[in-house]
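Working notes, structure below.
Note that the numbering runs from 1 along the sequence shown for the chain. Computation of the quantities below employed the complete heavy-atom set of this structure, encompassing side-chain atoms and omitting hydrogens, waters and symmetry-equivalent molecules.
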Amino acid sequence: QVQLVESGGGLVQAGGSLRLSCAASGRTVSSDAMGWFRQPPGKEREFVAACRWSGGSTVYADSVKGRFTISRDNAKNTAYLQMNSLKPEDTAVYYCASGSGSIYDRSGKSYNHWGQGTQVTVSS
């Protein structure tokens with residue numbers, strides 16, 4: 001079983017930056033996908049970014065491309081989401097997830113381990 005714990009959320013002004021962390025414990029598999037998703041207030045969950053724990057290709061939602069960067073530190077079993085040039089529309093609860101599916105799965109259905117989420121609020 002894999003446990004995921006997000007941290008690093010908070011309140012930031014538009015144009016600012018935050019770095020989210022996702023600490024994994026338990027039996028992680030290097031070939032597993034690691035994704036970040038978010039749920040804005042009153043909206044459905046949406047895909048943000050994904051990569052594999054082992055590295056390689058990364059995938060981003062068009063809305064964050066060029067502003068957000070996904071990365072991971074395998075020695076620390078931790079994944080990160082560096083968020084720059086934040087906009088009010090980035091306000092959401094951010095979740096990290098891990099699973100054996102494709103990094104191109106934007107629905108989240110192939111991810112079977114999820115964190116509890118961390119709130120990111122961007123003020124205008």
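Listed by first and then second residue, the salt bridge (Lys or Arg N to Asp or Glu O under 4.0 Å) pairs involving residues 103-122 amount to none (not counting sequence neighbours). For residues 11-23, the side chain to side chain donor-acceptor pair (under 3.5 Å) pairs, not counting sequence neighbours, are S17-N84. Evaluation of the ring-ring contact (aromatic ring centres under 6.0 Å, His included) test over residues 102-124, restricted to residues two or more places apart or in two chains, returns F37-Y111, F37-W114. Residue pairs meeting the ring-ring contact (aromatic ring centres under 6.0 Å, His included) criterion with at least one partner in residues 64-83, sequence neighbours excluded, are absent. Evaluation of the salt bridge (Lys or Arg N to Asp or Glu O under 4.0 Å) test over residues 49-62, restricted to residues two or more places apart or in two chains, returns D62-K65.
For the side chain to side chain contact (heavy atoms under 4.5 Å, CB included) test, no residue two or more places apart in sequence or in another chain qualifies with N112. When the side chain to side chain contact (heavy atoms under 4.5 Å, CB included) test is applied to A14, the partners found at least two apart in sequence or on another chain are P88, V122. Residues satisfying the side chain to side chain donor-acceptor pair (under 3.5 Å) criterion with S25, sequence neighbours excluded, are Q3. Qualifying side chain to side chain contact (heavy atoms under 4.5 Å, CB included) partners for A49, counting only residues two or more places apart in sequence or in other chains: Y60, I70, L81. Under the rule for a side chain to side chain contact (heavy atoms under 4.5 Å, CB included), the partners of V93 that lie at least two apart in sequence or sit in another chain are Y95, Q119.
Looking at heavy atoms from C-beta onward, N74 lies in side-chain contact with R72 at the 4.5 angstrom threshold.
By the criterion of side-chain heavy atoms lying less than 4.5 angstrom apart, applied directly or through intervening Ile, Leu, Val, Met, Phe, Trp or Tyr residues, L18 is grouped together with W36 in one hydrophobic cluster. Residues L20 and V48 fall within the same hydrophobic cluster, defined by Ile, Leu, Val, Met, Phe, Trp and Tyr side chains chained together at heavy-atom separations under 4.5 Å.
The two residues A33 and I103 come nearest to each other via the heavy atoms CB-CG2, 3.8 Å.
Between the side chain of Q116 and the backbone N or O of E6, at least one donor-acceptor pair lies under 3.5 Å. Judged by distance alone, with hydrogens and angles left aside, the side-chain atoms of T91 form no donor-acceptor pair with the main-chain N or O of E89 at under 3.5 Å.
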What pairs of donor and acceptor atoms, side-chain ones from residues 40-47 against any protein atom, are under 3.5 angstrom apart with sequence neighbours left out?
residue	atom	partner	partner atom	Å
R45	NH2	S107	O	3.0
E46	OE2	R38	NE	2.5
E46	OE2	R38	NH2	3.0

- Query: Between D90 and M83, does a side chain to side chain contact (heavy atoms under 4.5 Å, CB included) hold up when you go through it step by step?
  - Reply: CA-CA 9 Å; D90 294 318; M83 307 185 295; over 6 Å; no
message = Please determine whether side chain to side chain contact (heavy atoms under 4.5 Å, CB included) holds for the pair M34 and D32, giving the CA-CA distance in whole Å, both sets of side-chain angles, and the decisive distance to 0.1 Å.
response = CA-CA 6 Å; M34 186 279 144; D32 277 358; over 6 Å; no
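As a member of the Ile/Leu/Val/Met/Phe/Trp/Tyr network built from side-chain separations under 4.5 Å, L11 groups with nothing else and remains a singleton.
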